[in-house]
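This structure is a prediction, so every number in the text was calculated from the model and none was measured. The basis for the numbers below is simple: all heavy atoms, side chains too, and nothing from hydrogens, waters or symmetry mates. Order of the sequence lines fixes the chain letters, A, B, ..., with proteins taken first and strands second; residue numbering starts at 1 for each chain.
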2 protein chains.
Amino acid sequence: MSRKIFVSAKDVADRAGVSRSAVSRTFTPGASVSEETRRRVTEAAEALGYHVNHLARGLMRNESGIVCLIVSELDTPYRASLIRALTGQLQSASKIAMLINTDRSDDSVDQALRQAISYRADASIILSGMPDRSITDLCLKSGQRLVLINRDEDRDGALMINLNDRDAARRSFIALLRAGCRNFAFANSEAMTPSLMAREEGFRAAGREHGLEVTVERFGSTTYQSGAVLAQRLLTREKRPDAIFCVNDLLACGLMDAARHQFNLAIPSELCVVGFDDIEQASWSSYNLTTFAQPVDRIAAEAVAWLDQVTPGEANSRRLEAELVWRGSVRGG
Amino acid sequence: MSRKIFVSAKDVADRAGVSRSAVSRTFTPGASVSEETRRRVTEAAEALGYHVNHLARGLMRNESGIVCLIVSELDTPYRASLIRALTGQLQSASKIAMLINTDRSDDSVDQALRQAISYRADASIILSGMPDRSITDLCLKSGQRLVLINRDEDRDGALMINLNDRDAARRSFIALLRAGCRNFAFANSEAMTPSLMAREEGFRAAGREHGLEVTVERFGSTTYQSGAVLAQRLLTREKRPDAIFCVNDLLACGLMDAARHQFNLAIPSELCVVGFDDIEQASWSSYNLTTFAQPVDRIAAEAVAWLDQVTPGEANSRRLEAELVWRGSVRGG
DNA sequence: CGGCTTGTTGCACTCGCTTGCAAAAATGGG
DNA sequence: CCCATTTTTGCAAGCGAGTGCAACAAGCCG
């Protein structure tokens, strides 16, 4: 059971009867090689099953082509679709994604970034959690790019991609108002991340502007189960809400199911619901949920484009619009 | 804008006043270093923010710690949860996952494996698609391990993890029979992968054994949308089925929604449904779907354990049981 | 034919790390 | 205190690739 039977540039060179540099050059775009040698080298490489060792190349060039995706709970529909978009587009830009799972503990985001440094990743994209400033500084100092998606906090040197959450929330309020709703509620988790809070703020602010009260309830994390609990809390109130903006779709699904199956409410006639993310399930006919679409492809495109730039550039913050997707969980439309 | 400001072992050595071998040894478990030098080295490393360069280490040791996950449509609930389990467990075994997305074309699985070779991945885990034999041979010859999950075909040298699909299908048939169903149908996609076909086979076989006819319908891919189409086809038949085994949960959700919303059928009183995978949505109260659970943690554990073995071993095939999860989409239970 | 440009090639050094080997230091027993 | 044994340490040789530099070949012009 021989182990290290990788074929190296040396082997190819020998077979092709050229120097090692020649084969190196054939695989380096824009290097000076004659047509003849190139042919002989590629031929030999083909025959031997040679592939440039990206580890060694990365070592020399001091850039590995690796981009770390740092994420927790990656089986959540929105996260998963973002990862799909990111990996796809990274590959088109001939980079490769390393996936770091930070489910375990909170400091594991920091751990993850250390891993990223160890593998000399060219960049890290953070989808969940928020690393210490000390560690992000270390990353930046190591020449690593940093992209923060929906994490809002300020980190200069990093690219921050956010949605216009406040505005989306306001538009949602207006839509619900037009649908004839009068008792507004906001169903939030206790996660309190900046983007979730921005949605809450925006919705409240819209309520104030229209002189209408907004009931806010927060519970657990942004899951289906929390949605059920929030339904319980909101729908048993003396003044039962007839419009609920849920901080994300998963939660909205749980809330709708509870509203229908436990409280026998008809949607949208007795209760209007709006969600956020536009996960696949939102389009399922059991939910048919009016929601705001996260522009996952745009997000991924912005991130990858920024990574492809030679100079980091200054305008390192992108605020994208969430598009309202009208479906049947709100009257009218 | 200086680029390569990575701190190397040399830097640490200088600061700690030792040789560069000493610092290398401090970071190599089981190497001979005195307590004193180790202390000084770690101290200096800490101060400088040093991290072992895994690229260089991988180059020397000829093993990178990288495991490639090759997958398409990774935002599918089952896939996503498998990836989550795999990344988590790989990290616990101090390996790291590279995610390769093969959504684009069919030969991109081969492309992906080439990437794996280029990065000198220690192993590749294939969750979707089936690579050419030529390329798998190349992988194995390069000393790379290969794990195939739910891909069934024979590739010796690789670890194959499959479920006992036939048996699950048979158990499903019996459960439906006990529930009093008499008109059985199997809703399949046109994907025709071995594991999906094994479910169909198993279900049909069980039907034959009990002298009952099984209607089989196939359409599209294994998605929610296909489920709706299949409902359309199956529920408009002259002899309407009262029991449908769906090849996976996603499809089952689509079928149930169509059955309820378009055909006004009550589940389980007028129609019993069984799915496969036990994705999160199966437990949502709108579906409450009786289904077979993919033991994702077990699968991941088996894969990682095998990768951790020193010698590949011979019993390179695992057949796991899918556990039946009883919920409300089948009467009785 | 000499001198020049242009294009190719190979040598040798470098990247950051591991590791065998031999020298040096520490330990212990008599 | 000396010698044998065990640890610890540094040197130097790789791992597989990229690249500046100089040597060389070829081609062109006068």
Side-chain angles (χ1 to χ4, degrees), chain A residues 2-42 44-45 48-66 117-122 142-143, chain B residues 2-42 44-45 48-66 117-122 142-143:
Chain A
S2 38
R3 294 282 283 118
K4 41 172 245 171
I5 336 130
F6 279 105
V7 29
S8 76
K10 178 87 170 60
D11 304 333
V12 179
D14 288 350
R15 184 180 233 262
V18 296
S19 82
R20 232 203 31 115
S21 328
V23 17
S24 183
R25 280 191 250 262
T26 22
F27 290 100
T28 306
S32 165
V33 206
S34 75
E35 217 35 69
E36 168 62 7
T37 24
R38 150 159 282 130
R39 198 187 51 68
R40 298 176 59 182
V41 167
T42 37
L48 266 52
Y50 169 74
H51 295 263
V52 177
N53 186 332
H54 277 48
L55 263 42
R57 168 179 283 183
L59 182 56
M60 266 298 312
R61 295 224 183 123
N62 223 350
E63 64 176 47
S64 54
I66 297 174
I117 294 181
S118 291
Y119 278 102
R120 295 302 187 261
D122 298 337
S142 310
Chain B
S2 39
R3 295 284 281 117
K4 44 174 244 174
I5 337 131
F6 279 104
V7 28
S8 77
K10 179 85 168 61
D11 304 332
V12 179
D14 288 350
R15 184 180 232 261
V18 296
S19 80
R20 110 182 88 263
S21 331
V23 17
S24 180
R25 280 190 252 262
T26 16
F27 290 102
T28 305
S32 165
V33 205
S34 75
E35 218 35 70
E36 168 63 6
T37 27
R38 150 160 282 130
R39 198 187 50 68
R40 297 175 60 182
V41 168
T42 38
L48 266 51
Y50 170 75
H51 295 264
V52 178
N53 186 332
H54 276 48
L55 262 43
R57 168 176 283 182
L59 184 55
M60 266 301 312
R61 296 221 183 124
N62 222 350
E63 63 177 46
S64 55
I66 296 175
I117 295 182
S118 290
Y119 278 102
R120 297 302 187 260
D122 298 338
S142 309

Report summary line: Output for pair (Ser142(A) OG, Asp122(A) CG), nearest 0.5 Å, gives 12.0 Å
Query raised in the report: In Å and rounded to the nearest 0.5 Å, what is the OH to NE2 distance from Tyr119(B) to His51(A)?
Result: 14.0 Å
Atom-to-atom span, [atom1] of [X] to [atom2] of [N] - whole angstrom:
| X | N | atom1 | atom2 | answer |
| --- | --- | --- | --- | --- |
| Lys10(B) | dG16(C) | NZ | P | 11 Å |
| Asn53(B) | dG16(C) | CG | P | 7 Å |
| Asn62(A) | dT14(C) | CG | P | 16 Å |
| Leu59(B) | dA13(D) | CG | P | 18 Å |
| Asp14(A) | dG10(C) | CG | P | 12 Å |
| Phe6(B) | dC17(C) | CZ | P | 11 Å |
| His54(A) | dC15(C) | NE2 | C1' | 17 Å |
| Arg38(A) | dG7(C) | CZ | P | 15 Å |

Check: [Y] and [X] side chains under 4.5 Å, non-hydrogen atoms:
| X | Y | value |
| --- | --- | --- |
| His54(B) | Ile66(B) | no |
| Thr28(B) | Arg61(B) | yes |
| Ser118(B) | Val52(A) | no |
| Leu59(A) | Asn53(B) | yes |

Report task. Verify salt bridge (Lys or Arg N to Asp or Glu O under 4.0 Å) between Arg15(A) and Asp11(A), making sure each step is shown before the conclusion. Result -> CA-CA 6 Å; Arg15(A) 184 180 233 262; Asp11(A) 304 333; over 6 Å; no
Query raised in the report: Would you say a side-chain N or O of Ser19(A) is under 4.0 Å from OP1 or OP2 of dG10(C)?
Result: yes
Query raised in the report: So, is Ser32(A) close to the dG7(C) phosphate, meaning a side-chain N or O under 4.0 Å from OP1 or OP2?
Result: no
Query raised in the report: Are the side chain of Arg40(B) and the backbone N or O of Ala16(B) linked by a donor-acceptor pair below 3.5 Å?
Result: yes
Query raised in the report: Quick one: does Arg20(A)'s side chain have a donor or acceptor within less than 3.5 Å of a partner on Lys10(A)'s backbone?
Result: no
Requested in this report: Have a look at Ser8(B) and say if it touches a base, only the backbone sugar-phosphate, or nothing, with a 4.0 Å heavy-atom cut-off.
Outcome: sugar-phosphate
Requested in this report: Would you kindly compare Val33(B) and Arg120(B) by the position of their nearest DNA chain D nucleotide and give the one closer to the 5′ end?
Outcome: Val33(B)
Report summary line: Protein heavy-atom contacts under 4.0 Å, written 5' to 3' over nucleotides 18-26 of chain D as B (base), S (sugar-phosphate only) or - (none), form the string BBB------
**Report entry** Overall bend - the helix from dC1(C)-dG30(D) to dG30(C)-dC1(D), comparing terminal axes fitted on five pairs, nearest 10 degrees
**Finding:** 40°
Report summary line: Winner on side-chain proximity to Val18(A), out of dC15(D), dT9(C), dG10(C), is dG10(C)
